Amino acid sequence: MSDKPLGRFSWHEIMTTDTGAARDFYSQITGWGTSVWDGGEKPYEMWMNGEMPVGGLMDLPAPDVPPCWLAYVSTPDLDATAAKVRDLGGNIMGEITVPEVGRFAVIADPQGGVIAVIEPEGDAAGHDGPPELGEFSWHELATTDADAAWAFYSEVFGWEAAARMDMGDMGFYQTFGRGKHPLGGIMNGPPGMPGVGWTLYVRVPDVNAAVETVKSSGGRILNGPMEVPGGDVIAQCMDPQGIPFAVHSTEPEEEE
């Protein structure tokens, strides 16, 4: 029986102006390698965490697409998910079918946040349970209306509410997951943020070491390193092509 759960983050793809520079930059920070899949119309480069593919690397598909990390969420029925997106005020920005892989759609939520949906031909990539080193560990949406965004995503993907933290004037930080598995958070962005969007976190052995590598490799630190509730450490960064991302480490037990 195929494993096509609703709401699992199963793929993460960077679309950039310089794939060579992105390959060099992220490999130093995360330890990823790359591998080329030749099963489509043209070769597709994948990020490899050891022997496990965790995402993709590609040139910008169109001039009007900004450089970004794009997260893919699995669904057992793309048509039903797309219909729900439209019913709830979101938009379908594009659809594509890749033989032997599955059907994809890029969607925008009512506030403008962009994410992708995949109905895989076989089992969905990714897994439930705690993220391993080199895997994407958190998905965070900064938006203009966190309550409305949460209502949209929880209905579309079946995500379940977890902790809800008071951030004062910025409202609440709503964390969410699938069952007992935490996935991310949704919050109102700070005044003057450049736009609504998702930030993807990668689990690394040591955030402080990753931060130094980011800086020495031409990236910037936007926030952190800082400890978050529960004792983990994060830092929000920007790569040399201007794409935001974040790193996360669990300390100290698993890293000693």
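Source: prediction; values computed, not measured.
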Connected via hydrophobic side-chain network under 4.5 Å: [X] and [Y]:
X: Trp11; Y: Leu70; result: yes
X: Trp37; Y: Phe104; result: yes
X: Met193; Y: Met167; result: no
X: Val98; Y: Met58; result: yes
X: Phe176; Y: Ile234; result: no

Distance, nearest 0.5 Å, that separates [atom1] of [X] from [atom2] of [Y]:
X: Asp145; Y: Asn188; atom1: CG; atom2: CG; value: 6.5 Å
X: Phe152; Y: Asp87; atom1: CZ; atom2: CG; value: 10.5 Å
X: Gln241; Y: Leu60; atom1: CD; atom2: CG; value: 10.0 Å
X: Thr34; Y: Met48; atom1: OG1; atom2: CE; value: 9.0 Å
X: Asp59; Y: Ile14; atom1: CG; atom2: CD1; value: 11.0 Å
X: Ile221; Y: Asn223; atom1: CD1; atom2: CG; value: 10.0 Å

Using a 4.5 Å cut-off on heavy atoms from C-beta on, say whether the side chain of [Y] contacts that of [X].
X: Tyr201; Y: Val247; value: no
X: Met187; Y: Met165; value: no
X: Thr143; Y: Ile186; value: yes
X: Met238; Y: Ile243; value: no
X: Asp232; Y: His248; value: yes
X: Arg103; Y: Asp79; value: yes
X: Met93; Y: Val114; value: yes
X: Thr75; Y: Ile118; value: no

Minimum heavy-atom distance [X]-[Y], with the two atoms named:
X: Pro67; Y: Thr17; value: CG-CG2, 3.9 Å
X: Gly189; Y: Ala142; value: CA-CB, 4.1 Å
X: Gln174; Y: Ala161; value: NE2-CB, 3.5 Å
X: Asn208; Y: Pro225; value: OD1-CG, 3.4 Å
X: Pro131; Y: Ser137; value: CG-CB, 3.5 Å
X: His139; Y: Ala71; value: CD2-CB, 4.3 Å

Would you say the ring centers of [X] and [Y] fall short of 6.0 Å from each other?
X: His12; Y: Tyr72; result: no
X: Phe136; Y: Trp32; result: yes
X: Tyr26; Y: Trp69; result: yes
X: Trp159; Y: Phe9; result: yes

ask   = Taking atom CG of Asp169 as the centre, does the number of heavy atoms from other residues, nucleotides or ligands within less than 6.0 Å exceed 12?
value =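 No, CG of Asp169 has 12 or fewer neighbouring heavy atoms, counting only those of other groups under 6.0 Å.
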task = State whether the number of non-hydrogen atoms from other residues, nucleotides or ligands found under 6.0 Å of Arg164 atom CZ is greater than 12.
result =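 Check passes, neighbour count above 12.
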Ignoring hydrogens and angles, tell me if any N or O in the side chain of [X] forms a donor-acceptor pair with the backbone of [Y] under 3.5 Å.
X: Ser217; Y: Val214; result: no
X: Asn49; Y: Met52; result: no
X: Glu119; Y: Leu78; result: yes
X: Asp239; Y: Gly219; result: no
X: Glu160; Y: Gly179; result: yes
X: Asp109; Y: Ala149; result: no
X: Asn91; Y: Ala108; result: no
X: Ser154; Y: Ala151; result: yes
X: Glu121; Y: Glu100; result: yes
X: Ser74; Y: Pro5; result: yes

Would [X] and [Y] pass as an ion pair if we require N to O under 4.0 Å?
X: Arg23; Y: Glu45; value: yes
X: Arg203; Y: Glu135; value: no
X: Asp128; Y: Lys180; value: no
X: Asp123; Y: Lys4; value: no

key: Derivation of the side chain to side chain contact (heavy atoms under 4.5 Å, CB included) call for Arg8 and Arg178   = CA-CA 8 Å; Arg8 175 191 291 169; Arg178 294 183 66 248; 4.3 Å; yes
inquiry  = Going by side-chain contact (heavy atoms from CB on, under 4.5 Å), Phe245 matches just one of Ile29, Leu222, Val202. Which one?
reply    =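 Result for side-chain contact (heavy atoms from CB on, under 4.5 Å) with Phe245: Ile29.
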key: From CA spacing to verdict: side chain to side chain contact (heavy atoms under 4.5 Å, CB included), Thr81, Leu6   = CA-CA 9 Å; Thr81 298; Leu6 178 65; 4.2 Å; yes
inquiry  = Once you measure the plane-to-plane angle for Trp138 and Tyr173, does it fall in the parallel (<30°), tilted (30-60°) or perpendicular (>60°) bin?
reply    =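 Taking Tyr173 first and then Trp138, their aromatic rings lie parallel (interplane angle under 30°).
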request  = Any chance you could lay out the side chain to side chain contact (heavy atoms under 4.5 Å, CB included) test for Val204 and Leu133, step after step, and finish with the verdict?
outcome  = CA-CA 6 Å; Val204 297; Leu133 286 171; 5.6 Å; no
query = Going through the distances and angles, do Thr213 and Phe25 end up as a side chain to side chain contact (heavy atoms under 4.5 Å, CB included)?
reply = CA-CA 9 Å; Thr213 303; Phe25 177 81; over 6 Å; no
